[in-house]
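Right, one structure below, let's go through it.
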Amino acid sequence: MSSFAQTPSRADRQSSPAGPDQPLTLKAVLQYMLEDRLVSRAEAEVILSERKQHKASVHPLTIIGNHKLRSAKTPHRVLHVEALTEWLAGKVSMEYMHIDPLKINFAAVTEVMPSAYAARQKIMPVAVSDNEVVIATAEPFVREWERELQPVVKKPIRRVFANPVDIEHLQIEFYNLARSVKNATQTEKAATLNNFEQLVELSEMNKQFDANEQHIVRIVDWLWQYAFDQRASDIHIEPRRDVGLVRFRIDGVLHQVYQLPMSVVAAMTSRIKILGRMDIVEKRRPQDGRIKTRSADGSEVELRLSTLPTAFGEKLVMRIFDPEVLVRSFADMGFTDDDQQRWDSMTGQPNGIILVTGPTGSGKTTTLYSTLKLLATPEVNVCTIEDPIEMVEPAFNQMQAQASIDLGFAEGVRALLRQDPDIIMVGEIRDLETAQMAIQASLTGHLVLSTLHTNDAPAALTRLKDLGLAPYLMNATLLGIMGQRLVRTLCPHCKKPGPITPEETTAWNEMVAPFKSSAPEQIYRPMGCLECRNTGYMGRMGIYETLLMSAAVRKLVQNGADLSAIRLQAIREGMKPLRISGALKIAAGLTSLEEVLRVAPPASDDAD
């Protein structure tokens with residue numbers, strides 16, 4: 001006989017099936033799901049039969065979500081806890097909220113109620129304003145706490161329905177973080193006051209520093225884990241006059257996520273500098289460092305540190321390197337078949353110079369590292385000179401440039417030439433001496449890969465000429481130049497196609513000019529969902545243009561032709577400009593028109 005009765009009416013859903021102020025039961029939630037045909041009766045019976053295996057404190061949505069069932073209704077999406085939460089909110093006529101930790105002022109919300117009370121009632125404040133307090137709960141029928149809390153907060157309370165796993169997890173995290181920040185601030189103030197009055201012995205100050213260290217360790221570890229969870233590529237800690245800002249760069253765009261007291265920011269910076277083996281006393285000059293840590297799932301993560309003295313203190317940037325970057329295929333990086341063929345034609349040569357151009361953060365180093373990873377077979381000796389070493393790779397022999405001991409790129413290449421190399425990577429060609437050493441290396445039978453900061457691939461030729469290189473040397477050594485940018489890719493879970501508007505058609509025509517390329521009838525647009533943190537984008541991929549040094553291009557270079565003539569000849573020979581490469585990805589539904597226009601510059605006839 002079935003364990004489930006007749007499906008409840010809408011009126012029954014407005015109050016708890018077990019009475020007022022009673023928590024949800026697993027049977028009641030499964031009954032609702034049967035009513036909406038989200039599960040079969042057989043699946044519901046199986047889940048209900050296992051309820052004794054779970055603790056009474058485990059929320060029904062968590063139990064059901066752990067089974068990872070697929071909805072019986074189209075589009076048959078996986079019924080994970082967040083999806084069940086959103087569905088049940090509508091079922092019980094409550095406002096649904098996905099708790100985004102990056103949008104919550106943890107210092108303000110944790111002042112609403114004590115942590116013990118929040119844990120006991122299984123609720124969490126998520127927003128505080130002059131007009132109301134917003135409190136998340138996963139128990140729609142339990143309201144006793146609301147009556148108790150109303151006289152205390154003295155503001156209207158708005159209840160929202162949220163993921164029970166998030167409430168339990170973030171409740172602990174936020175209160176611990178707020179406690180750490182508060183204790184660190186109080187300790188810092190006490191130490192400052194005692195130091196000012198000169199009443200503290202050195203041993204006593206050391207004790208205070210140790211206590212402060214414990215709180216700061218917790219804050220720094222928490223910050224790293226959230227940056228990893230949010231897919232951040234960089235963490236910025238920026239001092240201001242009164243507060244310190246914490247910002248994450250996610251998919252190439254900066255997001256402000258926290259404000260912390262300046263005393264805490266300074267202590268965090270010192271803590272991170274210690275871990276990066278940097279001089280914590282020196283605050284007047286920039287410093288670089290490196291840290292290896294682990295994410296929550298146990299995978300190794302490397303952070304490259306950079307400090308900069310500013311008007312209000314040291315600014316710290318941590319670049320997060322994912323070891324998986326080096327094992328990505330060129331197709332995953334955005335290479336088309338034509339891009340791959342042209343790139344392979346250059347990297348397959350035994351000697352010569354290959355340049356990758358683009359601004360900082362355009363993925364040049366990733367392209368070079370991925371290429372070297374493939375070229376670094378046991379039969380060849382791959383050496384690099386970098387400033388700094390971006391990612392440590394055992395397959396290469398990597399050397400760090402050191403300006404303080406006059407070890408620059410030119411000196412590094414000169415030293416590498418005595419190490420019997422087959423392939424050399426030079427971090428960047430910045431001056432004539434480095435360019436000349438790269439040319440010497442290529443003329444003596446080595447394959448040299450390097451980067452150059454120019455707007456596009458053809459402009460690199462003008463840039464080299466401006467550095468002082470003779471055209472005949474460029475023609476004798478250059479194999480080709482690749483220009484690239486990174487565009488955000490549309491989230492596959494929420495992107496939606498739609499007919500292209502007249503305004504978008506005009507923008508398309510301006511983007512592909514002077515080419516004649518008809519706009520697609522429909523394009524995909526970013527919508528935003530939980531998977532992509534409501535940005536509409538998830539991850540990035542490259543758009544590329546590759547100029548091969550053909551006989552015709554070399555002749556133009558030798559004759560001193562202007563940049564537009566060289567660009568036109570390269571296009572005739574198959575080079576797709578950056579915006580055309582972007583247009584192809586728009587037409588394929590991989591990115592948006594706005595993103596390509598934001599990232600890819602129009603073709604220019606100047607060197608930079």
- prompt: Which value, rounded to the nearest 0.5 Å, describes the distance between L26 atom CG and S49 atom OG?
  reply: 9.5 Å

field: Pairwise distance CD(E173) to CZ(F106) - rounded to 0.5 angstrom
entry: 11.5 Å

- prompt: Going by an N to O cut-off under 4.0 Å, is there a salt bridge joining E95 and R158?
  reply: yes

- request: Using the side chain to side chain contact (heavy atoms under 4.5 Å, CB included) rule, take W224 and I235 through it: C-alpha gap first, then chi angles, then the decisive distance, then the call.
  value: CA-CA 8 Å; W224 282 344; I235 306 171; 3.8 Å; yes

- request: Answer yes or no: is there a donor N or O on one side and an acceptor on the other, between the side chain of K273 and the main chain of D279, under 3.5 Å?
  value: yes

- prompt: Is the backbone of Y175 close enough, under 3.5 Å, to the side chain of S115 for a donor and an acceptor to pair up by distance?
  reply: no

message: Using only atom types and a distance under 3.5 Å, with no angle test, would you say the side chain of E238 pairs donor to acceptor with the backbone of R240?
response: no

- request: Walk me through it: do V126 and I135 pass the test side chain to side chain contact (heavy atoms under 4.5 Å, CB included)?
  value: CA-CA 6 Å; V126 289; I135 297 179; over 6 Å; no

field: Minimum heavy-atom distance P286-P309, with the two atoms named
entry: N-CD, 3.8 Å

field: Under 3.5 Å donor-acceptor, K155 side chain and V128 backbone
entry: no

query: Given side chains that start at C-beta, do those of I237 and K315 come closer than 4.5 Å, heavy atoms only?
result: no

message: What's the separation between atom CG in L223 and atom CD1 in I216, rounded to the nearest 0.5 Å?
response: 11.0 Å

- request: Would you mind checking if D36 and K91 are paired as a salt bridge, meaning a charged N to carboxylate O distance below 4.0 Å?
  value: yes

message: For R290, is there an ion pair with E302 - N to carboxylate O distance below 4.0 angstrom?
response: yes

task: Evaluate the criterion side-chain hydrogen bond (donor to acceptor under 3.5 Å, both in side chains) for residue pair S592 and Y537; output intermediate values, then yes/no.
output: CA-CA 9 Å; S592 66; Y537 297 93; 2.6 Å; yes

query: Is any side-chain heavy atom of N131 closer than 4.5 Å to a side-chain heavy atom of P156?
result: no

- prompt: So which heavy atom on P164 is nearest to which on T62, and how close?
  reply: CG-OG1, 3.8 Å

message: Determine whether a donor-acceptor pair (N or O, by modelled atom type, separation under 3.5 Å) exists between the side chain of T307 and the backbone of L316.
response: no

- prompt: What pair of heavy atoms forms the shortest contact from M33 to V39, and how long is it?
  reply: CE-CG1, 3.3 Å

Distance in Å, D332 CG paired with T489 OG1, rounded so as to fall on 0.5 Å steps: 11.0 Å

Rounded distance [0.5 Å steps], CG in L84 versus CG in L38: 7.5 Å

field: Side-chain (H59) to main-chain (L61) donor-acceptor, under 3.5 angstrom
entry: yes

M541 vs V487, side chain to side chain contact (heavy atoms under 4.5 Å, CB included): CA-CA, chis, key distance, verdict: CA-CA 6 Å; M541 70 191 319; V487 294; 4.2 Å; yes

query: Is there a donor-acceptor pair closer than 3.5 Å between any side-chain N or O of E504 and the backbone N or O of T501?
result: yes

message: Between E594 and R525, does any NZ, NE, NH1 or NH2 come within less than 4.0 Å of an OD or OE carboxylate oxygen?
response: no

message: Are the side chains of V160 and V134 in contact, using a 4.5 Å heavy-atom criterion?
response: yes

Verdict with reasoning, E146 to R143, per salt bridge (charged side-chain N to carboxylate O under 4.0 Å, His left out): CA-CA 5 Å; E146 188 176 356; R143 306 194 66 162; 3.0 Å; yes

Y524/T591 under side chain to side chain contact (heavy atoms under 4.5 Å, CB included): CA gap, chis, key distance, verdict: CA-CA 7 Å; Y524 283 82; T591 190; over 6 Å; no

message: Taking D251 first and then R231, would you say they form a salt bridge - that is, a charged N and a carboxylate O separated by under 4.0 Å?
response: yes

Electrostatic pair R41:E43 at N-O distance under 4.0 angstrom: no

Check ion pair E168-K122 (N to O, under 4.0 angstrom): no

task: Flag the pair S263 / M268 as yes when at least one side-chain heavy-atom distance between them is below 4.5 Å, and no otherwise.
output: no

message: Within this structure, what is the CG-CG distance for the pair L88 and L24, rounded to the nearest 0.5 Å?
response: 6.0 Å

message: I'd like to check F228 versus V301 (side-chain heavy atoms, cut-off strictly below 4.5 Å). Are they in contact?
response: yes

field: Between S362 and R485: side-chain donor-acceptor atoms closer than 3.5 Å
entry: no

- prompt: Is a side-chain donor or acceptor of S270 paired with a backbone partner of A266 at a separation under 3.5 angstrom?
  reply: yes

query: Okay, side chain of K495, backbone of G589: is any donor-acceptor separation there less than 3.5 Å?
result: yes

Close side-chain approach of I320 and S233, heavy atoms under 4.5 Å: no

Check: P125 main-chain N/O paired with Q171 side-chain donor or acceptor under 3.5 Å: no

- request: Determine, for R598 against E595, whether the closest basic-nitrogen to carboxylate-oxygen distance falls under 4.0 angstrom.
  value: yes

query: Considering only heavy atoms from C-beta outward, does the side chain of L245 approach that of Q256 to under 4.5 Å?
result: yes

- request: Work out which heavy atom in P60 is nearest to a heavy atom in V29; give both atom names and the distance.
  value: CB-CG2, 3.9 Å

- prompt: At their closest point, which heavy atom of L30 faces which heavy atom of A44, and how far apart are they?
  reply: CD1-O, 3.6 Å

task: For the residue pair F248 and Y258, categorise the inter-ring angle as parallel (less than 30°), tilted (30 to 60°) or perpendicular (more than 60°).
output: perpendicular

- line: What one should report as the nearest heavy-atom pair of G536 and C494 is CA-SG, 4.3 Å

message: Less than 4.5 Å apart, side chain to side chain, heavy atoms only: is that true for I123 and I167?
response: no

